[in-house]
Amino acid sequence: QVQLVGSGGGLVQAGGSRRLSCAASERRFSSLPVGWFRQAPGKEREFVGAVSWSGTRTYYADSVKGRFTISRDNAKITVYLQMNSLKPEDTAVYYCAARRSTPSSGSVYLNANDYDYWGQGTQVTVSS
């Protein structure tokens, strides 16, 4: 199994920026699709964004589109979530996830059930 470690969370003021990292234990992570999800207290886990294993295609939830950006650095077998213009409603535990296989290098996945490997989550708190 691919083991993922999420990090980079913390306290940030509204309007500020934060970058989350998802580091993998195995090189093959660089060839797997990755998704970011978040869960606020009392709410269900929701999709944030996703990137194909090639890194050429991304997709974002409407709530974060234009503010968040996903990128991947295959040399470091790490995927990043750059968060800009943060709002209090972005406060949540953020999780990265990877899918073990895909039929296409350009595929992205939006559903949590599409993923097989999960990081432990990192808390992001946005103050107003």
Cut-off 3.5 Å, side chains only: do T78 and D73 have a donor facing an acceptor? no
In this structure, would L110 and V64 fall into the same cluster of hydrophobic residues linked by side-chain contacts under 4.5 Å? no
Rounded to the nearest 0.5 Å, what separation is found between the CG atom of L4 and the OG atom of S21? 12.5 Å
Kindly determine whether V48 and F68 satisfy side-chain contact (heavy atoms from CB on, under 4.5 Å), including the steps that lead there. CA-CA 9 Å; V48 175; F68 290 11; 3.7 Å; yes
Are a donor atom and an acceptor atom from the side chains of R57 and S54 found within less than 3.5 Å of each other? no
A quick test of your reading: do over 12 heavy atoms of other residues, nucleotides or ligands sit less than 6.0 Å from NZ of K65? yes
Does G6 offer a backbone N or O that forms a donor-acceptor pair with the side chain of Q120 under 3.5 Å? yes
Would you confirm whether R18, through its side chain, and G9, through its main-chain N or O, come within 3.5 Å as a donor-acceptor pair? yes
Geometric cation-pi criterion, R45 with W36: 6.0 Å, 45°: no
If you take all heavy atoms of S52 and G106, which pair is closest and at what distance? CB-C, 3.7 Å
Looking at every non-hydrogen atom in both residues, tell me the closest pair between R38 and S63 and how far apart they are. NH2-OG, 3.6 Å
A side-chain contact here means heavy atoms from C-beta on lying under 4.5 Å apart; do Y94 and L81 qualify? yes
For the student: nearest non-hydrogen atoms of A50 and Y109, plus distance: CB-O, 3.4 Å
Working to the nearest 0.5 angstrom, can you tell me the gap between N84 CG and S17 OG? 3.5 Å
With a 4.5 Å cut-off on side-chain heavy atoms, are V34 and F29 touching? yes
Nearest 0.5 Å, what's the CZ-OG distance between R19 and S7? 9.0 Å
Whether over 12 other heavy atoms sit under 6.0 Å from R100 CZ: no
Testing the basics here: between S128 and A14, what is the closest heavy-atom pair and its distance to 0.1 Å? CA-CB, 4.1 Å
E89 CD to K43 NZ distance, which is reported to the nearest 0.5 Å: 9.0 Å
Report yes if the side chains of L20 and M83 come closer than 4.5 Å at any heavy-atom pair, otherwise no. yes
Kindly state whether the ring of F47 and the ring of F37 have centres lying under 6.0 angstrom apart. yes
How about L32 and V2: do any of their side-chain heavy atoms sit closer than 4.5 Å? yes
Any link between V108 and Y95 through a network of hydrophobic side chains (Ile, Leu, Val, Met, Phe, Trp, Tyr) touching at under 4.5 Å? yes
Please find the pair of heavy atoms, one from A92 and one from A40, that lie closest to each other, and give the distance. CB-N, 3.8 Å
Exam field: side chain T91 to backbone T125, donor-acceptor pair closer than 3.5 Å: no
Closest non-hydrogen atom pair, D114 against R99: O-NH1, 3.0 Å
Output for pair (I70 CD1, Q82 CD), nearest 0.5 Å, gives 11.5 Å
Tell me if a side-chain donor or acceptor on R67 pairs with a main-chain N or O of S85 at a distance below 3.5 Å. yes
In Å and rounded to the nearest 0.5 Å, what is the CZ to OH distance from R72 to Y80? 11.5 Å
Counting only heavy atoms not in E46, do more than 12 fall under 6.0 Å of its CD? yes
Salt-bridge present (K87, D90; N to O < 4.0 Å): no
